[in-house]
Protein chains: 2
Amino acid sequence: MNIGNASGKSGLPAKTIRYYEDIGLLKPERSENGYRDYSMSDVHKLRFLQRARGLGFSVEECRQLLALYEDKSRASADVKSIARSKLQEIDRKIIELRELQETLKHLVAHCHGDQRPDCPILESISGSVS
Amino acid sequence: MNIGNASGKSGLPAKTIRYYEDIGLLKPERSENGYRDYSMSDVHKLRFLQRARGLGFSVEECRQLLALYEDKSRASADVKSIARSKLQEIDRKIIELRELQETLKHLVAHCHGDQRPDCPILESISGSVS
DNA sequence: TCTTGACCTTCCAGTTACTGGAAACATTAC
DNA sequence: GTAATGTTTCCAGTAACTGGAAGGTCAAGA
């Protein structure tokens, strides 16, 4: 499938998809006419990239995560260790999102619609300051 | 408190904190000697910025979120509407993180430690392709 | 008191991850 | 057939930092 189609299915702008090819993240086939030709597997990876980038993982982290599935030569112990450290990071992100969620819910619940409430919730949105 | 201290407490590099001042996100007091002087409230905001950026919110979104607490002139209906749309975004992010978590857990659980498993989980990490 | 080292200042240049636009070729729609 | 749309490459610009130089400040130890 063409890049426009892949863009629509993945949620990534065509520009970004080309950029990911430039930096070696995802290299699609080429059609006779020179157009990029994406498989469904490519689209899955693009969609994964779209999500992971939106969740605050860097391009290099995404490259590593993609490599977990693609690099057949990598030892499984390696895969496990990388995946485990990413899992910890994900746990932390989920917790932080829940806290942010609580704060915003509190804000929404305690606004009366006519004036801003005077509650000191900045402390709660910033989490525990160690 | 000095920038080094604020950096340690917030988890943000001093460089980044100065950059946030440059773009008008957070303007601290200045001591007699010209050093930046951060209050605890400033540190809370910095910590919030550290988290929100790490969770994939853009600087402009962070600016908006900070404004929810700071802009006394903003109507509460506005605050509610912005907060609600951010809440939806957070819900989505949490769901996506859970899915990513499931995939990685699956990978860790099904590796045998000596060789990479041959399971087609790319589809699951990329979520539903609409 | 002096000095040494850690910390702070500003400024400017470089990097990462896109993003916009031009010029040209391909495809599709009427 | 031609106009609109989609694709290509290339090059420049933006967002959000990040590193490094040149110099001022401060606290601790000889």
Side-chain angles (χ1 to χ4, degrees), chain A residues 1-40 42-43 45-67 86 89 93 96, chain B residues 1-40 42-43 45-67 86 89 93 96 100 126:
Chain A
M1 100 190 45
N2 285 351
I3 197 169
N5 205 336
S7 167
K9 285 205 198 320
S10 67
L12 284 171
K15 279 271 179 188
T16 304
I17 297 178
R18 289 194 199 96
Y19 170 73
Y20 286 164
E21 182 176 353
D22 282 351
I23 62 172
L25 260 191
L26 187 80
K27 189 163 188 161
E29 296 295 309
R30 293 283 178 144
S31 306
E32 296 275 318
N33 57 15
Y35 284 17
R36 289 168 179 81
D37 184 22
Y38 295 90
S39 67
M40 277 317 288
D42 288 334
V43 170
K45 290 175 195 171
L46 289 172
R47 177 124 185 90
F48 163 72
L49 288 168
Q50 192 270 331
R51 291 182 152 213
R53 293 288 297 120
L55 293 168
F57 290 96
S58 74
V59 165
E60 282 319 303
E61 287 174 315
C62 290
R63 195 191 296 279
Q64 213 174 34
L65 285 165
L66 276 183
K86 293 297 168 203
E89 210 174 321
K93 279 175 193 279
E96 290 178 1
Chain B
M1 97 190 48
N2 285 350
I3 197 168
N5 205 336
S7 166
K9 286 205 199 319
S10 68
L12 284 171
K15 278 271 180 191
T16 304
I17 297 179
R18 288 194 199 97
Y19 170 72
Y20 286 165
E21 182 177 353
D22 281 352
I23 62 171
L25 259 191
L26 188 79
K27 190 163 189 164
E29 296 295 309
R30 292 285 176 141
S31 305
E32 296 275 319
N33 57 14
Y35 284 17
R36 289 170 180 80
D37 184 22
Y38 295 90
S39 67
M40 278 316 288
D42 288 335
V43 170
K45 291 174 193 172
L46 289 172
R47 178 123 185 89
F48 163 72
L49 287 169
Q50 192 272 329
R51 292 182 149 212
R53 292 290 297 122
L55 293 168
F57 291 95
S58 73
V59 165
E60 284 317 304
E61 287 175 316
C62 290
R63 194 192 296 276
Q64 212 173 36
L65 284 164
L66 277 183
K86 292 298 168 201
E89 208 173 324
K93 280 175 193 278
E96 290 177 2
L100 185 50
S126 59

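Proteins get letters first, then strands, A, B, ... in listed order; numbering begins at 1 in each.
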d([atom1], [X]; [atom2], [N]) in whole Å:
{"X": "A:Gln50", "N": "C:dC18", "atom1": "CD", "atom2": "P", "value": "11 Å"}
{"X": "A:Ile17", "N": "C:dT19", "atom1": "CD1", "atom2": "P", "value": "12 Å"}
{"X": "B:Lys15", "N": "C:dG14", "atom1": "NZ", "atom2": "P", "value": "14 Å"}
{"X": "B:Arg30", "N": "C:dT9", "atom1": "CZ", "atom2": "P", "value": "6 Å"}
{"X": "A:Phe57", "N": "C:dA17", "atom1": "CZ", "atom2": "P", "value": "14 Å"}
{"X": "A:Asp22", "N": "C:dT19", "atom1": "CG", "atom2": "C1'", "value": "13 Å"}
{"X": "B:Met1", "N": "C:dC8", "atom1": "CE", "atom2": "C1'", "value": "16 Å"}

Which nucleotide of DNA chain D is the first, and which the last, in the 5' to 3' direction, to come under 4.0 Å of a heavy atom belonging to chain B? D:dA16 to D:dC26
For C:dA17, take OP1 and OP2 only and decide whether either is under 4.0 Å from a side-chain N or O of A:Arg53. no
Have a look at A:Arg18 and say if it touches a base, only the backbone sugar-phosphate, or nothing, with a 4.0 Å heavy-atom cut-off. base
Given side chains that start at C-beta, do those of [X] and [Y] come closer than 4.5 Å, heavy atoms only?
{"X": "B:Pro28", "Y": "B:Glu21", "value": "yes"}
{"X": "A:Asn5", "Y": "A:Tyr38", "value": "no"}
{"X": "A:Ile23", "Y": "A:Arg63", "value": "yes"}
{"X": "A:Phe57", "Y": "A:Gln64", "value": "no"}

Under 3.5 Å, is there a donor-acceptor pair between the side chain of B:Asn33 and the main chain of B:Tyr35? yes
Do nucleotides 1-7 of chain C as a string where each nucleotide becomes B, S or -: B if the base has a protein heavy atom under 4.0 Å, S if just the sugar-phosphate does, - if no protein is that close. ------B
Can you tell which of C:dT10, C:dT19, C:dT27 lies closest to the side chain of A:Asn33? C:dT27
Using every non-hydrogen atom in the two residues, find where [X] and [Y] come nearest and quote the distance to one decimal.
{"X": "A:Ile17", "Y": "A:Ala6", "result": "CD1-C, 4.2 Å"}
{"X": "B:Leu55", "Y": "B:Lys93", "result": "O-NZ, 3.1 Å"}
{"X": "A:Ala14", "Y": "A:Ser7", "result": "N-OG, 3.7 Å"}

Closest-nucleotide 5' rank along DNA chain D - winner of A:Asn5 and B:Val59: A:Asn5
To the nearest 0.5 Å, tell me how far B:Leu25 CG sits from B:Glu60 CD. 7.5 Å
